[in-house]
Student: 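Structure in structure tokens, see below.
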Number of protein chains: 4
Amino acid sequence: MQSGRQQRRGDTRQRIQDVALELFAEQGYEKTSLREIAEHLDVTKAALYYHFKTKEDILISLFEDLTGPIDELIEWGSRQPRTLDTKRELLRRYSAALASAEGLFRFMQENQATVRELSIGEMFKERMLSLMALMQEPDTPLENQVRCMSALFTLHAGSFALKSFEGDPEEKRGAVLTVAIDLVSQAHGDDTRR
Amino acid sequence: MQSGRQQRRGDTRQRIQDVALELFAEQGYEKTSLREIAEHLDVTKAALYYHFKTKEDILISLFEDLTGPIDELIEWGSRQPRTLDTKRELLRRYSAALASAEGLFRFMQENQATVRELSIGEMFKERMLSLMALMQEPDTPLENQVRCMSALFTLHAGSFALKSFEGDPEEKRGAVLTVAIDLVSQAHGDDTRR
Amino acid sequence: MQSGRQQRRGDTRQRIQDVALELFAEQGYEKTSLREIAEHLDVTKAALYYHFKTKEDILISLFEDLTGPIDELIEWGSRQPRTLDTKRELLRRYSAALASAEGLFRFMQENQATVRELSIGEMFKERMLSLMALMQEPDTPLENQVRCMSALFTLHAGSFALKSFEGDPEEKRGAVLTVAIDLVSQAHGDDTRR
Amino acid sequence: MQSGRQQRRGDTRQRIQDVALELFAEQGYEKTSLREIAEHLDVTKAALYYHFKTKEDILISLFEDLTGPIDELIEWGSRQPRTLDTKRELLRRYSAALASAEGLFRFMQENQATVRELSIGEMFKERMLSLMALMQEPDTPLENQVRCMSALFTLHAGSFALKSFEGDPEEKRGAVLTVAIDLVSQAHGDDTRR
DNA sequence: TATGAATGAGGTTTCATTCAT
DNA sequence: CATGAATGAAACCTCATTCAT
């Protein structure tokens with residue numbers, strides 16, 4: 001039972017994903033080469049191809065971990081009554097989901113052009129539209145649509161954008177969530193808030 | 001006075017910038033090759049290098065057109081009294097500036113990872129922080145800081161994100177601006193609004 | 001046991017070095033392109049980059065075969081008494097070392113400007129100064145310093161410069177060595193010789 | 001009658017030659033680009049083409065200044081009696097010629113591979129052989145041929161090789177010349193020297 | 001489960017050179 | 001006497017990918 005460097009057994013696939021996400025988020029997808037990923041892992045490029053069919057496949061695999069939770073969230077949302085409370089809960093849950101996949105979201109946020117071209121783009125756009133649909137009243141004025149969109153964006157971008165500010169991350173997430181909930185509340189036509 | 005293909009006048013530099021922006025925005029900076037730009041212009045790659053020292057230089061030149069207006073805006077803002085009206089006017093003017101450089105902003109929005117690595121990144125971040133500083137009250141709670149940030153993001157992302165919606169662009173811009181102004185008003189501690 | 005074109009064994013690296021040295025010596029380093037080297041080997045350029053990180057790296061690798069022997073020679077010399085016999089033996093051994101790496105030395109001789117700019121330049125200069133130091137008496141007049149330098153140059157240049165003369169190579173090498181030894185003997189203040 | 005930058009009139013050709021020699025000697029012929037030369041002169045590349053037909057032409061023009069003096073020297077030598085004194089005078093005059101074209105000779109010394117491929121190579125090689133012929137006795141042993149060659153090399157390389165030594169340049173040139181004369185004297189079978 | 005060796009396409013950049021003005 | 005604009009060729013280098021072992 002050796003340890004250290006050599007004790008990696010069946011976890012290579014996972015390790016590839018970890019390193020890939022880290023580098024994709026840091027430098028962008030296009031600028032990150034498979035050589036770089038392989039070197040970080042002390043493996044050859046060919047090894048990556050044992051685990052993934054193409055470079056894009058690595059990226060797709062990263063998103064798969066995320067598709068499930070969001071799909072569940074959407075499904076949950078679509079079974080609830082369309083009340084303001086539901087919307088608030090939706091945002092809370094979404095915020096939690098984002099927090100647990102921060103790297104991936106930072107990547108999405110910063111590589112929209114790349115993602116758009118890849119097969120994931122469409123997939124992701126659909127989810128966003130579904131989420132927005134759940135939070136919107138029918139025939140609401142344009143401003144309110146913008147508010148919902150803005151709420152989602154605020155959640156997406158909030159965490160990284162606040163990186164340079166002082167303060168504990170959980171507290172920041174709370175503030176971001178508050179603002180998002182506010183926006184959706186206003187879009188809902190909430191009287192208790194004003 | 002012949003026209004068409006052969007009309008090499010003094011406009012090549014400008015034409016390079018136009019095509020580059022178009023392609024950068026559409027496909028991303030890294031995925032757009034100089035060959036591609038050159039072909040769109042019916043010029044050789046070497047011609048691009050006559051007008052710009054590097055690929056990054058083309059990008060930088062695109063931003064230079066934008067730096068000026070934003071700097072002026074910041075300067076104007078810093079000379080005004082820090083009232084809510086000033087803030088609203090700031091957003092109005094910023095929205096107008098964005099509208100007049102839409103392509104560039106779409107590019108920025110969708111290629112953040114790329115921009116961050118390039119020399120422009122720092123430049124741009126500074127401007128954003130300055131703008132936020134102008135819109136914020138001193139010692140305001142974290143939520144209000146998020147609101148200001150969110151207002152800027154909403155302006156940035158708003159126009160493209162609404163592309164898939166029906167409606168006239170100016171009307172959309174109006175809605176986006178309304179939401180942004182709302183956010184900043186709330187951050188200002190506006191009583192008239194709630 | 002097939003042979004010919006397809007015999008890719010473990011010798012590619014060596015074959016690259018052989019061809020590179022041949023072409024560098026013949027045409028100069030700058031004028032020799034990687035395409036040319038690759039074509040001579042019936043390999044793609046990319047294959048060269050599998051074995052060497054840069055063009056300069058190929059050159060450096062060629063020199064590494066030489067550094068060892070010369071370093072050993074210098075070390076040997078520094079452990080001997082500084083007699084005339086030692087100096088003569090030093091030249092004999094150096095001449096032998098040069099003969100066994102003729103191509104490389106022809107290259108050095110004819111591409112000094114290139115070598116000087118590359119990392120090898122400094123390395124090589126140091127060795128020369130060490131060798132000269134071993135052959136010189138302390139506080140010897142300038143003429144004698146020139147004689148030692150000239151002895152080294154004569155060894156370096158001798159073999160190729162005599163290419164156009166008739167005669168067997170070993171005999172030429174002997175003549176060159178004789179002259180070099182003579183020069184150092186005179187620099188040593190040898191009485192037996194005059 | 002303006003002065004400063006603008007007062008260059010008919011001297012551009014000369015200035016191109018000066019800068020070119022400087023850069024060729026410093027970096028080598030191949031590594032020096034016409035762009036670089038032009039920039040050093042604050043002129044466009046196209047201007048170089050007004051004065052010289054090709055890059056190689058610039059180099060050739062540099063050598064033309066040297067061909068004359070050496071040809072005269074060879075001619076003078078061939079009209080003298082083949083005594084030792086003549087040979088010594090030949091070396092003295094050659095040394096003087098070299099000193100007056102130091103940059104060019106440094107260039108030749110350090111870019112032999114380049115020069116060999118260019119049309120100048122053959123020209124120069126001929127001169128060297130002629131000079132050697134003038135200094136050699138008929139049917140002299142190989143060692144003596146090497147001595148003559150070594151004498152020429154010593155003159156060529158001496159000045160730059162001694163750059164790192166202390167001492168006044170003229171004194172160094174004297175020492176180098178002394179050694180060269182010694183070598184040729186020995187090759188002549190001089191009794192007075194031993 | 002992985003590696004060593006290689007490929008083909010394509011990237012950015014630089015070069016010497018030309019020519020109308 | 002010189003420039004501004006451009007070209008065609010080629011340079012070095014990197015990438016994603018493949019495949020026999």
Side-chain angles (χ1 to χ4, degrees), chain A residues 8-13 16 29-38 41-58, chain B residues 6 8-13 16 30-38 41-58, chain C residues 6 8-13 16 30-38 41-58, chain D residues 8-13 16 29-38 41-58:
Chain A
R8 299 156 190 160
R9 274 187 310 267
D11 61 342
T12 304
R13 198 188 139 93
I16 292 173
Y29 174 75
E30 329 268 4
K31 284 260 283 212
T32 302
S33 67
L34 295 186
R35 176 175 59 64
E36 215 173 348
I37 297 178
L41 289 167
D42 233 350
V43 186
T44 49
K45 270 183 292 176
L48 304 184
Y49 278 89
Y50 178 80
H51 293 280
F52 297 93
K53 230 168 46 204
T54 68
K55 186 186 179 186
E56 191 177 342
D57 251 42
I58 300 182
Chain B
Q6 239 58 22
R8 295 171 197 141
R9 278 188 302 265
D11 61 343
T12 304
R13 197 188 141 96
I16 292 172
E30 331 266 7
K31 286 259 283 207
T32 303
S33 69
L34 296 184
R35 178 179 56 67
E36 217 173 347
I37 298 179
L41 289 167
D42 228 352
V43 189
T44 54
K45 276 179 287 170
L48 304 185
Y49 278 91
Y50 176 76
H51 292 281
F52 298 92
K53 243 182 14 221
T54 66
K55 185 185 179 186
E56 189 177 344
D57 247 44
I58 299 181
Chain C
Q6 240 55 25
R8 294 172 197 140
R9 279 190 300 265
D11 61 343
T12 304
R13 198 188 140 95
I16 293 172
E30 330 266 7
K31 285 259 284 209
T32 302
S33 69
L34 294 185
R35 178 178 56 67
E36 217 173 347
I37 298 179
L41 289 167
D42 227 351
V43 188
T44 53
K45 274 179 288 170
L48 304 185
Y49 279 93
Y50 176 76
H51 292 281
F52 298 93
K53 243 177 22 215
T54 66
K55 186 185 178 186
E56 189 177 342
D57 247 45
I58 299 181
Chain D
R8 299 157 191 158
R9 272 187 311 268
D11 61 343
T12 303
R13 197 188 141 92
I16 292 172
Y29 175 75
E30 329 268 5
K31 285 258 283 211
T32 303
S33 68
L34 294 186
R35 176 176 58 66
E36 214 173 349
I37 297 178
L41 288 167
D42 234 349
V43 185
T44 47
K45 270 183 293 175
L48 305 184
Y49 279 88
Y50 178 80
H51 293 281
F52 298 93
K53 232 170 44 205
T54 68
K55 185 185 180 187
E56 191 177 341
D57 251 41
I58 301 182

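The chains referred to below are lettered A, B, ... by the order of the sequence lines, with proteins before strands, and numbering in each begins at 1. Heavy atoms only: backbone and side chains are in, while hydrogens, waters and symmetry mates are out.
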Student: Mind checking the NZ-CG spacing from Lys55(D) to Asp57(D)? Nearest 0.5 Å is all I need.
Tutor: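 It is 13.0 Å, given to the nearest 0.5 Å.
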Student: According to a 3.5 Å limit on both distances, what stems of 3 or more consecutive Watson-Crick or G-U pairs are formed with DNA chain E?
Tutor: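 So the stems come out as E:2-21 with F:2-21.
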Student: Please list, chain by chain and in numerical order, all residues satisfying side-chain contact (heavy atoms from CB on, under 4.5 Å) with Ala46(B), sequence neighbours excluded.
Tutor: Thr44(B)
Student: From CD1 of Ile58(A) over to P of dC15(F), roughly how many Å is that when rounded to an integer?
Tutor: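 For the pair Ile58(A) CD1 and dC15(F) P, the rounded distance is 14 Å.
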Student: Whole angstroms only, please: what is the CZ-P distance between Arg13(C) and dA6(E)?
Tutor: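 Computing the Arg13(C):CZ to dA6(E):P distance gives 12 Å.
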Student: Answer yes or no: does a side-chain N or O of Thr12(D) lie under 4.0 Å from OP1 or OP2 of dC1(F)?
Tutor: no
Student: Do you know which two heavy atoms are closest between Glu36(A) and Thr32(A), and how far apart they sit?
Tutor: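 Shortest heavy-atom separation between Glu36(A) and Thr32(A) comes out as OE1-CA, 3.8 Å.
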Student: List for me each residue that meets side-chain contact (heavy atoms from CB on, under 4.5 Å) alongside Arg13(A), sequence neighbours excluded, and say none if there are none.
Tutor: Gln17(A), His51(A), Phe52(A), Ser61(A)
Student: Hey, could you give me the CG/CD1 distance between Asp11(C) and Ile16(C), rounded to the nearest 0.5 Å?
Tutor: 10.0 Å
Student: For Lys45(D), give me all partners under side-chain contact (heavy atoms from CB on, under 4.5 Å), at least two apart in sequence or on another chain.
Tutor: Leu34(D), Arg35(D), Ala38(D)
Student: Could you tell me how far apart Asp11(A) (CG) and dA2(E) (P) are, to the nearest whole angstrom?
Tutor: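 About 9 Å, once rounded to whole Å.
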Student: Ile37(C) has an atom CD1; how far is it from atom P of dC13(F), in whole Å?
Tutor: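 Atom-to-atom, Ile37(C) to dC13(F), this comes out as 11 Å.
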Student: On the ring face of Tyr29(D), is Lys31(C) found with NZ or CZ under 6.0 Å from the centre and within 45° of the axis?
Tutor: no
Student: For Phe52(C) and dC12(F), give me the distance from atom CZ to atom C1', rounded to whole Å.
Tutor: 16 Å
Student: Produce a footprint string for nucleotides 15-21 of chain E: one letter per nucleotide, 5' end first; B if the base is under 4.0 Å from any protein heavy atom, S if only the sugar-phosphate is, - if neither.
Tutor: BBBBB--
Student: Within this structure, what is the OH-to-C1' distance between Tyr50(D) and dT3(F), rounded to whole angstrom?
Tutor: 13 Å
Student: So does His51(C) get a side-chain nitrogen or oxygen closer than 4.0 Å to the phosphate oxygens (OP1/OP2) of dG4(E)?
Tutor: no
Student: Starting at CG of Leu48(B) and ending at P of dG8(F), how long is that distance when rounded to a whole Å?
Tutor: 14 Å
Student: Supply the atom-to-atom distance Leu41(A) CG to Leu48(A) CG, rounded to the nearest 0.5 angstrom.
Tutor: 7.0 Å
